[in-house]
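Report on one structure; see the data block that follows.
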Amino acid sequence: QVQLVESGGGLVQAGGSLRLACAASGRTFSSYFMGWFRQAPGKDREFVAAISRSGGIAYYADSVKGRFTVSRDNAKNTVYLQLNSLKPEDTAVYYCAAGANLNRNYASTLQYDYGSWGQGTQVTVSS
């Protein structure tokens, strides 16, 4: 398994931006497709974005499409989530996750496809 550590969360006003990072341990980061999920207070954890091993395929939840961008740097063992035009409803703990698949162009929106999870980073958007 890969160890994941998120960073970059914080408090921001509505309309602002944040950039989350998720650093992975080990030398096989490029073997994993990566995902971002979030969990708001009192709600279930939900899918936000995912990116394939190659970085060429990305999926987004409808609620963040056009505002959030997922990217990865395999040389730095890091996946990023750029959050723009933030809204109060984006307030949540954001988690990154890693999943294994032989297909370099595979990515998943499903939580059960991911075997490793980070501890989460809090994003709070004030109105």
Side-chain angles (χ1 to χ4, degrees):
Q1 285 189 341
V2 62
Q3 304 298 316
L4 304 172
V5 179
E6 302 96 334
S7 62
L11 174 63
V12 64
Q13 289 188 334
S17 297
L18 284 173
R19 189 192 196 199
L20 307 184
C22 173
S25 63
R27 298 176 294 175
T28 60
F29 177 70
S30 60
S31 300
Y32 297 92
F33 60 91
M34 302 297 295
W36 286 96
F37 295 80
R38 67 185 181 186
Q39 187 168 21
K43 295 187 177 181
D44 292 335
R45 189 164 57 187
E46 64 176 4
F47 168 76
V48 176
I51 189 166
S52 63
R53 290 170 52 198
S54 67
I57 301 297
Y59 300 132
Y60 297 93
D62 288 344
S63 59
V64 307
K65 203 170 293 184
R67 300 187 298 122
F68 292 7
T69 303
V70 62
S71 62
R72 66 188 295 160
D73 186 336
N74 286 341
K76 295 183 178 180
N77 286 8
T78 302
V79 62
Y80 303 96
L81 186 66
Q82 179 69 40
L83 292 66
N84 295 332
S85 302
L86 281 161
K87 305 174 181 180
E89 51 263 44
D90 293 319
T91 295
V93 177
Y94 283 71
Y95 299 90
C96 73
N101 194 288
L102 294 178
N103 185 343
R104 296 185 73 250
N105 294 315
Y106 180 85
S108 177
T109 65
L110 303 173
Q111 295 188 45
Y112 63 71
D113 267 348
Y114 294 86
S116 298
W117 293 80
Q119 83 290 347
T121 186
Q122 176 71 47
V123 171
T124 303
V125 185
S126 63
S127 58

Margin query: Does Thr91 form a side-chain contact (heavy atoms from CB on, under 4.5 Å) with Gln122? I'd like the steps, not just the answer.
Written below: CA-CA 8 Å; Thr91 295; Gln122 176 71 47; 4.0 Å; yes
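- Of all heavy-atom pairs spanning Ser85 and Ser17, the tightest one is N-OG, 4.3 Å.
- For Ser54 (side chain) and Arg104 (main-chain N/O), a donor-acceptor pair under 3.5 Å exists by modelled atom type.
- Closest of all the heavy-atom pairs between Ala98 and Met34 is CB-SD, 3.6 Å.
- Annotation: side-chain contact (heavy atoms from CB on, under 4.5 Å) contacts of Ser126 (sequence neighbours excluded): Leu11, Gln13.
- Looking at every heavy atom in both residues, Val5 comes nearest to Gln119 through CA-OE1, 3.7 Å.
- A distance of 15.5 Å separates SG in Cys96 from CZ in Arg38, rounded to the nearest 0.5 Å.
- Cluster partners of Phe47, by chain and number: Phe33, Phe37, Ile57, Tyr59, Val93, Tyr95, Tyr106, Tyr114, Trp117. The rule joins Ile, Leu, Val, Met, Phe, Trp and Tyr whenever side-chain heavy atoms lie under 4.5 Å apart.
- Judged purely by distance below 3.5 Å, without hydrogens or angles, the side chains of Asn105 and Ser52 never pair a donor atom with an acceptor atom.
- Between Asp62 and Lys65 there is a salt bridge, since a side-chain N of the basic residue sits under 4.0 Å from a carboxylate O of the acidic one.
- For the atom pair Ser31 OG and Leu102 CG, the distance stands at 9.0 Å (nearest 0.5 Å).
- Partners of Ser108 according to the side-chain hydrogen bond (donor to acceptor under 3.5 Å, both in side chains) rule, which considers only residues two or more places apart in sequence or in another chain, are Asp113.
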Next item on the list: Starting from the C-alpha separation in whole Å, work towards a yes-or-no answer on side-chain contact (heavy atoms from CB on, under 4.5 Å) for Gln39 and Glu46.
Entry: CA-CA 6 Å; Gln39 187 168 21; Glu46 64 176 4; over 6 Å; no
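- Proximity of a side-chain donor or acceptor of Gln82 to a complementary backbone N or O of Val70 within less than 3.5 Å is not detected.
- Between the side chain of Arg72 and the backbone N or O of Phe29 there is at least one donor-acceptor pair closer than 3.5 Å.
- For the pair Ala24 and Val2, the tightest heavy-atom approach, listed with the atom from each and the gap, is CB-CG2, 3.6 Å.
- Using a 4.5 Å heavy-atom cutoff, the side chains of Leu86 and Phe68 are in contact.
- Side-chain heavy atoms closer than 4.5 Å link hydrophobic residues (I, L, V, M, F, W, Y) into clusters, and following such links, possibly through other members, connects Ile51 to Tyr60.
- Using a 4.5 Å cut-off on side-chain heavy atoms (C-beta onward), Leu83 and Thr69 make no contact.
- Residues Leu81 and Val48 are in side-chain contact: their nearest non-hydrogen atoms beyond the backbone lie under 4.5 Å apart.
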Note to self: Assess the residue pair Arg53 and Ser30 against the criterion (side-chain contact (heavy atoms from CB on, under 4.5 Å)); give the C-alpha distance rounded to whole Å, side-chain angles, the decisive distance to 0.1 Å, and a yes or no.
What the structure shows: CA-CA 6 Å; Arg53 290 170 52 198; Ser30 60; 5.7 Å; no
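- Counted within 6.0 Å of CG on Leu110, heavy atoms from surrounding residues, nucleotides or ligands total more than 12; the atom is thus considered enclosed.
- Considering every non-hydrogen atom in both Gly9 and Thr121, the closest pair reads N-OG1, 3.2 Å.
- A distance of 11.0 Å separates CG in Asp90 from OG1 in Thr124, rounded to the nearest 0.5 Å.
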